[in-house]
Amino acid sequence: MDSLTQKIRELASSILKEGTVDMVMGFAEGTLPMTSKPYMARTPEQADKFIWDSSCTMNLANYITGRKEKIGVIAKGCDSRNIVNHIVENKISRDQLYIIGVPCSGMTDKNRPDHLRDNCLTCTHKNPVIYDVLAAELIEEQKIEAPFADVKAIEAMEPNAKWSYFQDLLKNCIRCYACRNACPLCYCPKCFVDESGPQWVGKGQNETDIQTFHFLRAFHCAGRCTDCGACESACPMDIHVRAFTRKLNKDALDLFGWEAGLDMTKRPPLDTFNPDDPDDFIK
Amino acid sequence: MANLFEHMGMEKERLQFSWISSAEAGKFVNVATEVANSVEALGPIDKFVKKID
Ligand code: SF4
Ligand code: SF4
């Protein structure tokens with residue numbers, strides 16, 4: 001067993017033993033080789049199930065939403081940013097949490113196991129942004145020359161080419177909603193796609209309904225998405241759903257100088273008003 | 001909103017924003033005419049339209 005897994009088990013089991021927390025949220029081995037699943041340990045013995053490897057792609061912030069217990073949570077860079085989001089959005093309080101930070105050197109793409117995930121290649125927050133204890137030394141962050149080259153490539157297209165790009169992107173979507181369910185931001189008790197009165201969007205496999213689902217879900221993530229990639233890692237059809245949120249992330253950075261989940265004391269740009277906000281879209 | 005809309009391939013003229021007071025009749029007429037003209041120039045939309053057969 002590698003030393004990081006060992007360290008995580010030790011830290012988790014000691015806070016459970018001391019009673020610092022009621023449970024610890026981490027990863028256990030999945031049912032297939034090279035996979036992992038979120039796992040909740042409530043006793044020090046259960047903490048021995050924890051693993052850490054490059055298959056830990058899910059975002060654990062997703063599983064602590066609205067919980068009442070004291071929770072230990074294992075957090076790589078992106079998970080920690082979504083934890084900050086959760087705190088800012090009052091989905092959990094800081095004193096309920098004991099965060100075991102894990103500096104992350106990237107997770108693998110389940111469909112291309114010898115490659116890092118696309119979002120990990122451009123990640124500039126590998127180290128957790130908040131933590132109570134670290135399971136390993138902090139690592140050096142990478143500098144990315146052109147962080148949004150993919151978004152710019154789409155921006156440069158003609159309207160019709162853009163439209164075909166997105167039509168093609170979503171053509172295999174089976175509307176299983178795994179992307180939504182894996183996303184820590186998608187915590188509404190009832191998602192707009194599940195509403196029946198009023199029904200905002202058709203529920204079948206109609207192309208326009210699928211596009212509407214993705215378009216609107218992306219909007220709900222504006223200024224909040226941390227590009228953690230959980231949505232894509234969960235997708236059974238290998239759909240690049242981040243194509244939507246990446247554009248919003250780029251805009252949040254360009255228009256508001258904002259990257260989500262970095263600072264517990266700042267309000268997100270879309271829930272504050274500032275007289276200097278860009279307003280040239282208003283005639 | 002307009003930005004992602006445009007990013008997906010909608011022409012940006014299809015979604016326009018303005019702030020007009022009830023006392024600004026002239027501005028309302030101008031903006032409405034401008035919007036109508038720019039959309040007319042684009043013609044009917046064929047994207048994001050649900051076809052029911
Ligand atoms: S996980 Fe993939 S297939 Fe499922 S709804 Fe999301 S994009 Fe579609
Ligand atoms: S939209 Fe995807 S990348 Fe963004 S926070 Fe949600 S799961 Fe992570």
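In what follows, every chain begins at residue 1, and chains take the letters A, B, ... in the order their sequences are listed.
Judged purely by atom type and a 3.5 angstrom limit, A:K250 has no side-chain atom pairing as donor or acceptor with the backbone of A:V151. Distance alone, capped at 3.5 Å, is enough to place a donor-acceptor pair between the A:R224 side chain and the A:L185 backbone. Under a 3.5 Å cut-off, the side chain of B:K27 and the backbone N or O of B:W19 do form a donor-acceptor pair.
Proximity to chain A at a heavy-atom threshold of 4.5 Å picks out B:V31, B:E34 from residues 30-41 of chain B, in numerical order.
Heavy atoms closer than 4.5 Å to chain A are found nowhere in B:K12, neither backbone nor side chain. Proximity to chain B (any heavy atom under 4.5 Å) is shown, for A:I154, by both the backbone and the side chain. Looking at A:D209, the atoms closer than 4.5 Å to chain B (heavy atoms on both sides) all sit in the side chain, from C-beta outward. Only the side chain of A:F166 comes within contact range of chain B, judged by heavy atoms closer than 4.5 Å. If you measure heavy-atom distances from A:S164 to chain B, you find no contacts under 4.5 Å at all. Contact annotation for A:N160: both backbone and side-chain heavy atoms come within less than 4.5 Å of a heavy atom of chain B. For chain B, the nearby parts of A:F244 are the backbone and the side chain; heavy atoms of each come within less than 4.5 Å. Residue contact with chain B, scored on non-hydrogen atoms closer than 4.5 Å, involves the side chain of A:L255 exclusively.
Side-chain contact of B:H7 with A:E155: a donor-acceptor pair under 3.5 Å is absent, judged by distance alone. A:R117 and A:T57 share no side-chain donor-acceptor pair at under 3.5 Å.
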Could you walk me through whether A:F148 and A:K247 pass side-chain contact (heavy atoms from CB on, under 4.5 Å), step by step? CA-CA 8 Å; A:F148 289 107; A:K247 165 68 175 162; over 6 Å; no
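Ring geometry, B:F48 versus B:F5: the interplanar angle falls under 30°, so the pair is classed parallel (tilted spans 30 to 60°). Ring geometry, A:Y177 versus A:F213: the interplanar angle exceeds 60°, so the pair is classed perpendicular (tilted spans 30 to 60°).
Results of the side chain to side chain donor-acceptor pair (under 3.5 Å) test with A:D194 over A:K203, A:Q199, A:R180 single out A:R180 as the only residue that passes.
Here the CG-CD distance, from A:L253 to A:E259, works out to 5.5 Å after rounding to the nearest 0.5 Å.
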